[in-house]
There are 2 protein chains.
Amino acid sequence: MGRLQSFERTTVVQAARDLFWDKGFEATSLADLEDATGLRRSSLYHAFGSKRGLFDAAVEDYQASVIRPRLRTLTGPGIGRASLLAYFSELRSAVSALPEDSPRRGCLLVNCAAGLAGHDDLARQVVEGYRSELTDTLQDALRAAGTAAGGSAPDRAPERARTLASLGMSAMLLARVNATESVALLDTATEQIRSWFPVHAATDA
Amino acid sequence: MGRLQSFERTTVVQAARDLFWDKGFEATSLADLEDATGLRRSSLYHAFGSKRGLFDAAVEDYQASVIRPRLRTLTGPGIGRASLLAYFSELRSAVSALPEDSPRRGCLLVNCAAGLAGHDDLARQVVEGYRSELTDTLQDALRAAGTAAGGSAPDRAPERARTLASLGMSAMLLARVNATESVALLDTATEQIRSWFPVHAATDA
DNA sequence: GGTTTTGTGTATCGCTCAGTACACAATATA
DNA sequence: TATATTGTGTACTGAGCGATACACAAAACC
């Protein structure tokens with residue numbers, strides 16, 4: 001059935017993703033993408049149709065290979081206090097491990113929220129999907145941690161989920177502006193969780 | 001000493017500011033700026049030197065006419081619980097009052113943080129200055145509210161300031177993605193303040 | 001009023017952009 | 001091996017970009 005692709009799609013998409021992650025959609029040119037992927041634009045257009053098509057593929061890969069693996073910490077059986085702490089600990093490692101000039105700093109979707117999503121409905125939906133999934137997942141974990149502690153106080157899960165989601169998003173927002181403060185925000189999330197669910201009331205896995 | 005400027009600098013800068021606010025630096029073209037300001041590019045270049053010069057003037061105006069007036073609520077004599085509540089109430093009004101497609105949604109500096117500031121040192125410094133001033137101011141107000149309540153517990157002001165700053169920044173980030181949720185984050189900040197400083201312990205101005 | 005100094009309009013610069021036309025390369029099928 | 005089908009490289013397009021050259025307009029100063 002004709003000539004075969006000489007590149008692996010995943011590799012190309014991830015190279016493009018890191019570029020978009022670093023510079024944003026508009027500031028990334030096709031010349032940049034050619035350099036990063038090693039492919040000529042004829043191949044890129046043949047495989048993805050347009051710059052935007054490649055960007056959408058990059059966003060999809062970002063969700064699949066960055067977002068979802070991280071959120072998995074917060075789902076599944078046995079979630080609760082320890083999962084919440086693990087989630088922010090992982091995020092903290094990710095921020096503090098990367099060198100100052102790494103393209104992988106911050107969050108592609110948070111950057112979208114401040115850029116493309118302002119005038120692009122598709123981007124807005126993706127960002128909103130991310131926000132709501134993050135908040136809902138945090139809320140579930142908070143509820144699980146709360147019932148494990150045996151409390152029957154008024155349900156503070158919604159506001160706490162919003163608070164944690166805010167700390168996480170702000171940390172991503174600041175990751176390339178002030179990495180130290182970004183880490184401090186994630187530590188603040190950890191302190192909050194500890195204060196809501198003191199050690200004597202739950203296992204600290 | 002020659003011909004006089006036929007336009008008011010402030011008016012022009014503010015028109016440009018709203019455009020940058022809405023679309024960001026890169027996505028705003030000189031043609032857009034000509035339309036918005038009513039000036040030809042010869043006049044713009046004569047007065048501001050470059051597109052970036054106009055942008056910097058716009059950022060300065062943004063700080064002077066948007067940021068600082070808002071922060072003033074949190075400074076001066078008699079700050080404390082009521083000032084904190086007032087600050088987030090004002091922010092809430094600003095977000096919920098603006099129509100869905102207003103260019104003035106969100107925060108120019110938050111947008112910068114996710115865009116320009118990633119690779120532009122000047123922009124990074126401006127954003128970082130904003131972040132630290134906001135956090136410090138919130139912290140001062142929190143300390144004032146804390147001592148007014150008479151508590152001598154461990155100083156929770158730093159982490160609380162980070163939490164409130166995060167809620168504020170995230171609300172700005174989401175203002176153009178999901179206005180309802182943006183308001184919910186600001187309401188969460190209000191709830192947090194109320195829970196830290198219950199009514200029976202302070203005046204609720 | 002003449003001169004100097006400064007602001008504005010017109011027209012255009014060189015460049016980069018995303019996107020494309022088309023020939024050629026490579027391989028699966030027959 | 002002949003053919004059909006698909007991938008890749010070269011070279012280019014028209015449009016839009018930020019920036020500028022330069023003539024002209026207008027007002028302050030002597």
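Atoms considered below: every heavy atom in the structure, side chains included; atoms not considered: hydrogens, waters and symmetry mates.
- Remark: P of dT16(C) and CG of Asp35(A) are 14 Å apart, rounded to the nearest angstrom.
- For the pair Leu85(B) and Arg194(B), the minimum side-chain heavy-atom distance is below 4.5 Å.
- Thr163(A) and Gln192(A) share no donor-acceptor pair across their side chains, judged by distance under 3.5 Å alone.
- Thr73(A) and Glu90(A) form a side-chain donor-acceptor contact under 3.5 Å, judged by distance and modelled atom types alone.
- Less than 4.0 Å separates DNA chain D from no heavy atom of any residue of residues 8-23 of chain B.
- A sub-4.0 Å separation between OP1 or OP2 of dT8(D) and a side-chain N or O of Ser6(A) is present.
- Met172(B) pairs in a side-chain contact (heavy atoms from CB on, under 4.5 Å) with only one of the listed residues (Leu109(B), Val110(B), Leu167(B)), which is Val110(B).
- Between the side chains of Asp61(B) and Ser65(B), a donor-acceptor pair is found at a separation under 3.5 Å.
- What separates CZ of Phe7(A) from P of dT6(D) is a distance of 15 Å, to the nearest Å.
- Atom CZ in Phe48(A) sits about 11 Å away from atom P in dT8(D), given to the nearest Å.
- Applying the ring-ring contact (aromatic ring centres under 6.0 Å, His included) criterion to Tyr130(A), with sequence neighbours excluded, gives no partner residue.
- Each of dG9(D), dG9(C), dG7(C) was ranked by its minimum atom distance to the side chain of Arg40(B); first place goes to dG9(C).
- In this structure, Gln5(B) atom CD and dA28(D) atom C1' are separated by 15 Å, rounded to whole Å.
- Looking at heavy atoms from C-beta onward, Val12(B) lies in side-chain contact with Leu44(B) at the 4.5 angstrom threshold.
- Distances shown here put a side-chain N or O of Ser43(A) below 4.0 Å from the OP1 or OP2 atom of dT8(D).
- Residues Cys107(B) and Tyr62(B) meet the side-chain proximity criterion, which asks for heavy atoms closer than 4.5 Å.
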Nucleotide N/O to protein N/O under 3.5 Å, stretch nucleotides 17-19 of chain C:
from	atom 1	to	atom 2	distance (Å)
dA18(C)	OP1	Thr28(A)	O	3.1
dA18(C)	OP1	Lys51(A)	NZ	2.8
dA18(C)	OP2	Leu30(A)	N	2.7
dA18(C)	N7	Arg41(A)	NH1	3.3
dG19(C)	OP2	Tyr45(A)	OH	2.7
dG19(C)	OP2	Lys51(A)	N	3.1
dG19(C)	O5'	Tyr45(A)	OH	3.2
dG19(C)	N7	Arg41(A)	NH1	3.3
dG19(C)	O6	Arg41(A)	NH1	2.9

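- With 3.5 Å as the limit, one finds no donor-acceptor pair spanning the side chains of Asp187(A) and Thr190(A).
- Nucleotide dT10(C) holds its P atom 11 Å from the CD atom of Glu34(B), rounded to whole Å.
- If you take NE2 of His46(A) and P of dT10(D), they are 17 Å apart, rounded to a whole angstrom.
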